[in-house]
Protein chains: 2
Amino acid sequence: MTAAPESVPDAAHKAHPERRHAEGAENYAKAIYQLQADDDEPVGTGAVADRLGVTPASASAMLKRLADDNLVEHSPYRGVRLTPEGEQLALEMIRHHRLIELFLAEVLGMPWDRVHEEAEVLEHHISEELEELIATKLGQPARDPHGDPIPSRELDIEDDRTVALSDLEVGGGGVFERVSDRDPEMLRYLDSRGIRPGAAIEVRARDPFEGPIRVSVSGDEHALGTPLARRMRVSAER
Amino acid sequence: MTAAPESVPDAAHKAHPERRHAEGAENYAKAIYQLQADDDEPVGTGAVADRLGVTPASASAMLKRLADDNLVEHSPYRGVRLTPEGEQLALEMIRHHRLIELFLAEVLGMPWDRVHEEAEVLEHHISEELEELIATKLGQPARDPHGDPIPSRELDIEDDRTVALSDLEVGGGGVFERVSDRDPEMLRYLDSRGIRPGAAIEVRARDPFEGPIRVSVSGDEHALGTPLARRMRVSAER
DNA sequence: ACCAGAAGTTAGGCAAGGCTAACTTTCTGC
DNA sequence: GCAGAAAGTTAGCCTTGCCTAACTTCTGGT
């Protein structure tokens with residue numbers, strides 16, 4: 001009866017002096033990072049709540065906890081900004097997310113429009129060691145299947161030199177770099193039209209008042225709605 | 001500003017009328033299943049608590065919740081038994097666990113003694129679709145890297161025809177089928193001695209009072225402690 | 001400059017799980 | 001067969017997150 005003591009599932013990971021954060025905190029950090037984008041305006045509570053699908057009250061409470069944990073600076077009523085620590089956490093999750101997306105697509109053949117939601121869950125549950133094995137298997141890739149850059153092991157991320165397709169004038173264009181991975185229907189649609197990252201794209205015509213945008217992609221013409229065009233990023237010309 | 005509504009991360013999976021269970025319930029079901037083993041004695045609260053590393057009080061409360069959810073039958077003070085629904089849940093987790101272990105070892109080259117703890121986490125977070133992709137990639141395998149049988153897609157599991165090495169008499173033996181995956185040190189030790197599932201093993205001598213057991217494995221002799229031998233399963237001779 | 005509405009926060013609840021301390025039930029040894 | 005030990009349960013509390021309802025602060029239009 002007195003068998004060897006079962007290995008209790010206690011402190012598993014972490015060699016580095018890196019604090020553990022709950023899944024909730026990880027999602028908030030990622031959301032704030034993505035809302036913060038390039039401009040460094042603080043992010044409003046409502047925007048965070050919106051993106052995470054919770055009420056502003058819940059977000060408000062959570063942001064206070066994040067501030068206690070030193071992941072954000074929070075000036076009540078005026079918004080939050082990630083601290084360096086919060087940004088690291090966000091980038092860590094983004095690295096996980098994009099590595100997992102690429103892995104699922106490349107190694108397991110999961111369709112382009114399905115990898116996002118799977119990665120959304122798994123990103124919180126892989127160890128550093130598994131992250132590294134995946135990155136190695138993929139050859140330390142720089143971009144995920146939607147064209148998004150993957151932060152390096154040291155969490156450096158290539159800065160964004162793209163513009164939204166919806167912001168281009170007629171005659172503008174470049175290489176279609178990436179598209180938000182968050183809407184499977186959009187992904188399926190683009191994929192079915194043969195519009196994939198890496199393709200050359202050019203704006204042929206625009207209609208006023210959010211009308212369709214006519215573009216040519218590798219010879220073919222397509223008319224795209226503005227909401228879609230807003231999510232498509234094209235390499236900036238310089 | 002009124003962009004397309006972001007896809008909220010609500011009800012994601014489940015085509016089948018399959019209820020969702022929290023991670024906690026999944027772990028309890030698995031623990032009870034494994035404690036129940038073949039004998040169908042009910043499992044005590046303390047044993048469950050022990051295996052999961054929680055206090056008996058916590059387990060007691062949780063078992064009541066599982067009973068409400070129809071995963072176990074609970075007679076107060078006398079123990080729990082899984083319901084068919086609870087057993088399905090346990091087998092589902094065991095299938096996930098063992099597929100993930102094998103996948104990590106085969107596809108990513110993760111060492112034998114590390115796959116368990118990674119799988120312990122991930123088993124709760126893969127979708128049915130990913131489960132299927134993994135199983136396909138591995139060719140619908142029947143056993144994980146420790147030699148444990150993997151339940152089929154329909155959750156049928158091969159019944160156990162093995163005995164503990166510690167229960168064999170001198171002269172007894174058979175094929176070393178598997179070993180508990182829960183103790184990395186044991187795994188590393190066996191691996192370093194070249195004792196791996198599939199090898200022929202025979203008991204050469206035993207000392208009384210839990211003394212070492214001398215066995216031969218593919219020509220070499222080893223002396224194994226009783227606790228270790230208790231966790232090694234050898235194909236039953238008939 | 002003010003006030004209404006928008007944005008944010010506080011208060012009070014709930015559910016899951018965990019803990020300790022105290023109490024009950026069951027089992028066992030004499 | 002009964003007392004004390006062992007096993008199980010209850011009570012009361014904590015934390016993480018989420019909710020609704022009510023309150024506060026900020027901001028923009030006249």
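Please read these numbers as outputs of a predicted model, since none were measured by experiment. Numbered from 1 within each chain, the chains take letters A, B, ... in sequence-line order. For the numbers below, each heavy atom of this structure counts, side chains included, while hydrogens, waters and symmetry mates do not.
Taking atom CG of residue Leu52(B) and atom P of nucleotide dA16(C), one finds them 18 Å apart after rounding to whole Å. For the pair Asp68(B) CG and dA15(C) P, the interatomic distance rounds to 12 Å; values are reported in whole Å. Rounded to a whole Å, the CG atom of Asn27(B) is 14 Å from the C1' atom of dG18(C). Across the protein-nucleic acid pair, Met62(A) atom CE and dG17(D) atom P stand 4 Å apart, rounded to whole Å. Spacing between atom CG of Leu66(B) and atom P of dA16(C) amounts to 11 Å, rounded to whole angstrom units. The CD-P distance, from Glu23(A) to dG17(D), rounds to 9 Å in whole Å. When rounded to the nearest whole Å, the span between CG of Leu63(B) and P of dA7(D) equals 16 Å. Atom pair Tyr77(A):OH and dT9(C):P shows a separation of 6 Å (rounding to whole Å applied).
Considering only side-chain N and O atoms, Tyr28(A) lies nowhere under 4.0 angstrom from the phosphate OP1 or OP2 of dT16(D). Between Ser58(B) and dC19(C) there is a side-chain polar atom (N or O) within less than 4.0 angstrom of OP1 or OP2. One finds no side-chain N or O of His74(B) lying less than 4.0 angstrom from the OP1 or OP2 phosphate oxygen of dG8(D). The side chain of Thr55(A) places no N or O atom within less than 4.0 Å of a non-bridging phosphate oxygen (OP1 or OP2) of dC18(D). Contact annotation: Lys64(B) side-chain N/O to dT10(D) OP1/OP2 distance is under 4.0 Å. Arg78(A) has no side-chain polar atom (N or O) that falls below the 4.0 Å cut-off from OP1 or OP2 of dG8(C).
Across all strands, Gly44(A) comes closer than 4.0 Å only to sugar-phosphate atoms, never to a base (heavy-atom distances). The residue Ala61(B) sits apart from the nucleic acid: no heavy atom pair falls under 4.0 Å. Counting any heavy atom pair closer than 4.0 Å across all strands shown, Thr45(B) reaches sugar-phosphate atoms only and no base atom.
For Glu154(A), the CD atom counts as densely surrounded, since its 6.0 Å shell holds more than 12 non-hydrogen atoms of other residues, nucleotides or ligands. For CD of Glu185(B), the number of neighbouring non-hydrogen atoms (other residues, nucleotides, ligands) closer than 6.0 Å is 12 at most.
Within the 4.5 Å cutoff, the side chain of Tyr189(A) has heavy atoms near those of the Leu228(A) side chain.
Using modelled atom types, one finds no donor on one side chain facing an acceptor on the other under 3.5 Å when comparing Asp144(B) with His97(B).
By the 30° and 60° cut-offs, the orientation of the rings of His125(B) relative to His125(A) is parallel.
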